[in-house]
Amino acid sequence: MSHHMIELKNVSFKYPQGNEVIKDISFRITHGESVGLIGANGAGKSTLLMLLSGLLIPTNGDIIIGETKLTKKTLKYIRQRIGYCFQNPDDQLFMNTVYDDVAFGPRNYGIDEIEIEKRVDKALERVGALHLKNKFSYKLSGGEKRMVSIATVLSMEPDILLMDEPSSFLDPGARRRLINILNSFEHTKIIATHDLDLVLETCKRTILLKNGKIVFDGNTKDILTDKKLLEECGLELPFCLQTIDKPSLMFSLCKSPVNGFQKGISHKL
Amino acid sequence: MHMSDALISPLVGGSMIILTSAATNYSINKIKYEYDDKKIPLMGVMGAFVFAAQMINFTIPGTGSSGHLGGGLLLSIFLGPYAGFITMATILLIQALLFADGGLLAYGCNVLNLGFYSAFIAYPFIYKKIISKGYSKKNIFTASILSAIVSLQLGAFSVVLQTVLSGKTELPFTTFLLLMQPIHLAIGIVEGIITAFVVSYVYKVQPEILEDKEKEHNEKLNYKKILVSFILITALTGGILSWYASSYPDGLEWSILKTTGSEELEAKGAFHQYFGKLQEKVSIMPDYNFKNAKENSDGKIGTSTSGILGSSATLGVILLIGYAIKRFKKTNNV
Amino acid sequence: MSKLNYSLRQIRFLDECSEGKSLIHRINPIVKILVTLIYIICVVSLEGYEVNRLIPFFLYPVIIISLSDIPIAPLLKRTVISLPFILGIGFLNLLIERNLHGLLIFLSLLIKSILTVLSSLLLIATTGMDNIAKGLLALKVPKIFVLQLMMTYKYILIFTEELITSVNAYELRSSEGGISLKFAGNILGRFFLRVYDRAKNIYNSMILRGFNGEFNIGKKISFANKDIIFLILWIIYFVLIMFFDVVKFFELILGVVT
């Protein structure tokens, strides 16, 4: 089970002609943890996710996934362990049918088609999209595309999920389903987003980035109620905490994230 | 201008498909072994980009007319000739399937006319030569417009050649040529201008896209090899064509005779020719042949009405069959 | 603009058609590709004046349409749209050859166009791009080419929609109708850059799922008896009407009756 773990040791990254976008970051995420990654545009969220998936190679420092250090040699193995969901599901659904898209990953690893079909069914069922199996992917709604794009990485049976803005392109209903599904996953998760309410409901731990550095790493509850720090980093309080005077008091209402949050919403309305 | 199935003979269509598949295969191997696989999704989306871009009509100020992008040249500029050619080939196949723009048998003709010349003639020998003097607005425009004109002129010439070689019409070579080339001059200029606008926009905003391409293609291309194999294949096709012409005088040669204005056929009259042919073909029914020959002498009206009658009867039966199937399906709920 | 919208509708229409479950839909795509090609070859191998011989070829589209329940009107509309070029050539030919022969050529070009266009449209409408791609793979078309075909097809819809938005935004701000050539760079150039960035993301999402330049398609297409029968019956019919003049035969019958 140790391969569900992520560890960064003094990781820095710099684009060839650019300045440093990730500056000396270290953290450790253990098995089954769900971590929110927040920060203003350009804070380095996406770059960090790309580093974790090996799309970019750090200029300094080490990334360890499970017990394996991420290098060019271990890339293939590590990518099997990691599922990366892109911000725009259309970037991930490049085949014509849902089935072919979900099967694309396993097929590249030479798995036979009977096993692939089982995996596709399982992955689609997991996100409640089994009925879409034979649909053309362009015919899906925004919410359906999101679920299918998650299924395309689930079919690889990863241990770790990296999500870039999973709630973009979603209507409130679809967003709610997404939250429920995310909470049902036992995977280690890192969710990079501007949707702080989503973080509130799906992540116990949050990492706040500013200009490529970690400003805060700890309890979601502590950071998302810290109005001053959030505003310094170009963010603001989650919507459900904005309408009342004492956010910390409100937060106690949403202790059990999923149910409590809905109360928060109804209160607001 | 897409070549369509109705204008070509199987021989011309088939040899063009063989010729262009050879070029496609060669290009695929080039990409496989010489480039990284990053190109694959780029080709896919660029194909879709050109496909969509082709559908925008730009009005040409002061003329009241409009034109659109063809894209062959643009693809070579951004993807290099090999990937550009393959991408154009996939666009043409999708067009043939979805819109029946150019037919399936004419597919090879279209790949040659609209894809090959821009990628392997105009791009390396004109565009690159001019651009190698440096990117400037003037160079981009001269290079794009000249290359587009040349590839469209070659394409138009091919359309004429393919049509005449197929011999499905009686259009004389020169008349058709004189009609096609000037039209395609105008189309070529518009194509060149649109291409130049897009290239200079990209150069202004993200020059590295074009500069990277330059480096990438410089040493990796072997145009001589391509040109030599193209000439070889053309010669081979020509050989097959002339062999065919000599062994089936009434196929190809007939059409060539016709287009060069052979007296013999004029004298004989196309009308007689028609019946001569028909009689040969219905010789399974000698009875009828006899009857037909008699009718023939009655003149035009009699025979053409009888042709119409038989045709309508046949069509009627076909439609009845279709109707019966529909009815049967409805009543049996299949 | 209207062309963009039209194309979207056409692609969606054909996709919807291909989701049908009729007998024709269930025929092996390789067989359908082959039958269509043989059909087109037979049709175009007839000479310009052999109008009568073309008529029996109508049986193929009629049977496919009636067996597959493909709506006929959009097919015919597309067929008509594809005609002007060929009619132009036919008319030009008629100008040069003002006699019955010219007229016959005109007619045969027209009929050949209708037949070839209909048969290609029916192929995609009853098979779908996806299955055609699988068929092409089975026919040994290179994998990279087929992957290109599928990706291009997939993104055509997305890009066409995006382009419609751009063009709308332009037209809302412009006084005259249409888009001036001057703005080609702005509209298409910007669009190109978006597409270029897009390709990077797609590539990333492909390699993260183990893509290594090879393209693997799943299930093999299986042949059933009905596929073989379909193929053989049509070949027999095409050969028959190539060598036997059905129209004359009907005339003969009509002649006997009257």
Side-chain angles (χ1 to χ4, degrees), chain B residues 4-6 8-10 28 37-38 41-45 47-49 51-53 55-56 58-61 66 86 90 93-94 97-98 100 103-105 168-171 193-194 197-198 200-202 205-206 270-271 274 281-282 284 288 306-307 309-311 313-315 318-319 322 325-326, chain C residues 3-4 7 11 40-41 44-45 48-49 52 55-56 58-59 62 66-67 82 86 93 97 99-101 105 109 112-113 116-117 120-121 124 142 144 148-149 151-153 155-156 159-160 163 178-181 184-185 188-189 192 195 198-199 202-203 213 244-248 250-252 254:
Chain B
S4 60
D5 278 349
I8 57 164
S9 69
I28 286 175
D37 46 12
K38 243 181 213 152
L42 186 60
M43 284 159 68
V45 295
F49 164 76
F51 192 103
M55 296 186 285
I56 298 186
F58 292 101
T59 54
I60 301 156
S66 65
I86 296 171
T90 50
L93 186 55
I94 293 178
L97 285 166
L98 292 182
L104 294 177
L105 189 64
K168 300 294 169 188
T169 65
E170 304 288 296
L171 286 178
I193 292 175
I194 299 178
F197 271 129
V198 177
S200 37
Y201 182 90
V202 172
V205 183
Q206 261 175 278
F271 179 47
Y274 169 51
K281 298 224 162 144
V282 273
I284 308 170
Y288 187 72
S306 81
L309 216 72
S311 301
T314 317
L315 259 183
I318 288 172
L319 289 174
I325 293 173
K326 281 255 172 202
Chain C
K3 204 170 173 201
L4 287 165
S7 303
I11 296 173
I40 293 175
I41 289 172
V44 306
S45 67
Y49 44 81
N52 284 359
I55 304 295
F58 275 102
L59 186 71
V62 165
S66 44
L67 279 178
S82 70
I86 211 77
N93 188 65
E97 226 189 346
N99 52 26
L100 184 61
H101 188 257
I105 284 190
L109 285 182
K112 278 182 181 175
S113 287
T116 52
V117 168
S120 325
L121 289 176
I124 180 97
I144 291 188
Q148 278 317 302
L149 192 71
M151 285 189 73
T152 304
Y153 182 68
Y155 284 98
I156 282 171
F159 292 170
T160 307
L163 207 52
I179 308 166
S180 167
L181 195 59
L188 295 182
F192 167 81
V195 165
R198 198 77 180 257
I202 297 165
Y203 175 69
F244 181 80
D245 192 335
V246 180
V247 168
K248 286 282 166 211
F250 274 107
E251 265 172 21
L252 184 67
L254 283 174

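Letters A, B, ... mirror the listed sequences (proteins, then strands); counts begin at 1.
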**Message:** Taking side chain as everything from C-beta outward and backbone as N, CA, C, O, which of these in C:Ile86 sits under 4.5 Å from a heavy atom of chain B? Side chain, backbone, both or neither.
**Reply:** side chain
**Request:** Answer with side chain, backbone, both or neither: which region of C:Leu181 has an atom nearer than 4.5 Å to a non-hydrogen atom of chain B?
**Result:** both
Looking only at heavy atoms, which two atoms of [X] and [Y] are closest? And how far apart?
X        : Y        : answer
B:Gly44  : C:Gln148 : N-OE1, 3.0 Å
B:Pro10  : C:Ile41  : CG-O, 3.7 Å
C:Pro142 : B:Ile28  : CB-CD1, 3.5 Å
C:Gly189 : B:Val202 : O-CG2, 4.2 Å
B:Asp5   : C:Ile40  : OD2-CG2, 3.4 Å
B:Ala100 : C:Ser82  : O-CB, 4.3 Å

**Item:** Which of B:Val205, B:Ile325, B:Ile194 touches chain C most, by non-hydrogen pairs under 4.5 Å
**Value:** B:Ile325
**Asked** Relative to chain C, which segment of B:Phe49 carries a heavy atom at a distance below 4.5 Å: side chain, backbone, both, or neither?
**Response** both
Can you find a heavy atom in the side chain of [X] that is under 4.5 Å from one in the side chain of [Y]?
X        : Y        : result
B:Val45  : C:Phe159 : yes
B:Leu105 : C:Val44  : yes
B:Leu315 : C:Phe58  : yes
B:Leu98  : C:Tyr153 : yes

Gap separating the [atom1] atom of [X] from the [atom2] atom of [Y], nearest 0.5 angstrom:
X        : Y        : atom1 : atom2 : answer
B:Ile56  : C:Ile179 : CD1   : CD1   : 5.0 Å
C:Leu149 : B:Ile86  : CG    : CD1   : 12.5 Å
B:Leu319 : C:Ser66  : CG    : OG    : 9.5 Å
B:Met55  : C:Ile156 : CE    : CD1   : 7.5 Å

**Options C:Ile124, C:Leu188, C:Thr116, C:Ile11, ranked by heavy-atom pairs under 4.5 Å with chain B, top entry** = C:Leu188
**Item:** Best-contacting candidate, C:Leu67, C:Val246, C:Ile202, C:Val117, against chain B by heavy atom pairs under 4.5 angstrom
**Value:** C:Leu67
